Amino acid sequence: MPVLPVFSQEDVFAAISPSEAIECVREGFVEYAAGQWQMPPKIYLEAPPAGDFRAMPARGGGLAILKWVTSFPRNPQAGLPVVMGMICVSSAEDGEPVALVDVRSVTALRTGAVAALAAQELAREDARSVGIVGCGLHGAWAARCLAAAEYGPGVCHDPDPEAAGRLAGELDWEAGSREDALECDVVTCVTPGSEPVVLESDLRPGLHLNMLGADGPGKAEAETAAVARAELFCDEWEQASHGGELTGAVEAGLVSREQVAELGAVLTGSHPGRSAPDRVTLFDSTGLAIQDLALCLALLEAHRAGRVRADTVRL
């Protein structure tokens, strides 16, 4: 029976820095856009009324993964994380199991990395200041990755002032109001998506918005009118149009496929990205298995090089 390395949250964060995560995620988007990596659609298994399970497969770089992940928004009331699960990693050559990986750390790190990557590609060239709306696990890693990409100073806002204060203190940024955060050059929203935090009246020339919280049907962090006014980009159209920030505007007939570019197209040069410095750009991130795959490849490379250890399990 195979003996597999099992990578904990601490292992993942020790093996891959924010800067490395950004480059890994960049490579994943490029490989997917070029047709080298494969990714079937995400599958949702509803668990009403509490939340849902998601199965996310991908193949590339000699590996195949299946990410089994939850979203149970009310879990914190019981002292449990919203996101839990694991990533099963196998060889794409013969199907042999290779590793099991903690899902929370990979999800947080790649979510943060794509926020920084989208800012690098879509924000104004002179954009520097950062507003973080939502300072939980994923918001914190978005802030760390943006800081690693040399964005900042920043303003952190959260309904929990202590969460905002901790993150601001860590990065030498400031804690502030929603309005303070939205005055920054790059605004990253990482909320549960239960109600809009970006209004049409908040939009300013040159603003870039990263919308990371609306990762399933019925969720939105911006008013549909605000979405419709922006130049629109997403990680993957099918997911974003059916279970992301774009969904409400699409369903209302305010946004069509032709108005939305995928980030991979910008990275490979088939789309020019932001059209002018004074435009408002909005990036809708729903989370892709190719991003998780990219980090798993980096994690296993770090393990082979002896830069990170892992527990083991015998199947």
Side-chain angles (χ1 to χ4, degrees), residues 7 12 15-16 18-44 54-69 71 83 85-93 95 98-122 138 141-142 145 210-212 214-216 233-246 260-271 283-302:
F7 295 97
V12 174
I16 307 170
S19 296
E20 291 167 337
I22 295 167
E23 293 311 308
C24 289
V25 169
R26 180 187 296 274
E27 179 183 3
F29 272 99
V30 170
E31 294 288 345
Y32 180 62
Q36 299 301 308
W37 288 12
Q38 306 301 311
M39 183 181 64
K42 182 189 303 186
I43 297 171
Y44 288 86
R54 303 165 192 194
M56 302 170 61
R59 177 175 59 81
L63 297 180
I65 69 164
L66 177 62
K67 180 179 183 179
W68 181 243
V69 60
S71 178
V83 173
M86 68 191 73
I87 301 174
C88 303
V89 185
S90 299
S91 165
E93 304 295 327
V98 173
L100 296 174
V101 184
D102 166 69
V103 85
R104 294 188 72 215
S105 52
V106 171
T107 302
L109 191 52
R110 58 88 148 150
T111 299
V114 80
L117 179 60
Q120 290 174 327
E121 297 300 322
L122 303 174
H138 297 89
W141 280 99
C145 288
N210 286 321
M211 313 304 287
L212 309 184
D215 60 349
F233 302 85
C234 69
D235 51 10
E236 201 271 338
W237 165 253
E238 288 301 322
Q239 282 191 188
S241 60
H242 292 93
E245 192 62 51
L246 303 181
V260 183
E262 293 185 348
L263 183 58
V266 178
L267 290 167
T268 55
S270 59
H271 189 281
F283 172 65
D284 179 9
S285 174
T286 57
L288 304 182
I290 56 164
Q291 298 166 252
D292 303 299
L293 172 60
L295 292 194
C296 286
L297 282 162
L299 178 62
L300 290 176
E301 180 179 344

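Computed from a prediction, not measured in an experiment: that's the story for all the values here. Residue numbers run from 1 in the order of the sequence given.
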Shortest non-hydrogen separation from A240 to T286 and the atoms involved: CA-CG2, 3.7 Å
side-chain contact (heavy atoms from CB on, under 4.5 Å) between L117 and L267, worked out: CA-CA 10 Å; L117 179 60; L267 290 167; 4.0 Å; yes
Distance (rounded to the nearest 0.5 Å) between I43 CD1 and W68 CH2: 9.0 Å
Candidate pair E27 and L297, rule side-chain contact (heavy atoms from CB on, under 4.5 Å), full reasoning: CA-CA 11 Å; E27 179 183 3; L297 282 162; over 6 Å; no
Side-chain heavy-atom pair M39, L293 within 4.5 angstrom cut-off: no
Minimal non-hydrogen separation, H138 against A108, with atom names: CD2-CA, 3.5 Å
Considering all heavy atoms, the nearest I16-A21 contact: CG2-N, 3.7 Å
Exercise: identify the closest heavy-atom pair between V114 and S285: CG1-OG, 3.6 Å
N/O donor-acceptor pair under 3.5 Å between Q239 side chain and G287 backbone: yes
Flag, side chain of R104 to backbone of V83, donor-acceptor distance under 3.5 Å: yes
Minimum-distance pair of heavy atoms, taken over all atoms of E20 and A15: OE1-O, 3.7 Å
Between CG on residue L246 and CZ on residue F233, distance to nearest 0.5 Å: 11.5 Å
Heavy-atom pair with the smallest gap, counting every atom of P57 and A289: O-CB, 3.4 Å
side-chain contact (heavy atoms from CB on, under 4.5 Å) between F7 and V101, intermediate numbers included: CA-CA 5 Å; F7 295 97; V101 184; 4.0 Å; yes
E31 side chain reached by I290 side chain, heavy atoms, under 4.5 Å: no
V103, L299, L66 screened by side-chain contact (heavy atoms from CB on, under 4.5 Å) with I87, the one that passes: V103
Side-chain donor or acceptor of Q36 paired with backbone N/O of A33 under 3.5 Å: no
CG on D292 to CG on L109, rounded to 0.5 Å: 10.0 Å
Sub-4.5 Å side-chain heavy-atom contact between C88 and L100: yes
Min side-chain heavy-atom separation V266-F29 under 4.5 Å: no
Side chain to side chain, K67 and V106, heavy atoms closer than 4.5 Å: no
Minimum side-chain heavy-atom gap I65-V89 below 4.5 Å: yes
Point-to-point distance, once rounded to the nearest 0.5 Å, from CE of M56 to OH of Y44: 7.5 Å
Summary of side chain to side chain donor-acceptor pair (under 3.5 Å) pairs that have at least one residue in residues 262-271, sequence neighbours excluded: none
side-chain contact (heavy atoms from CB on, under 4.5 Å) between Y32 and E236, worked out: CA-CA 10 Å; Y32 180 62; E236 201 271 338; 4.3 Å; yes
I22 CD1 to R110 CZ distance, which is reported to the nearest 0.5 Å: 15.0 Å
Minimum side-chain heavy-atom gap T111-W141 below 4.5 Å: no
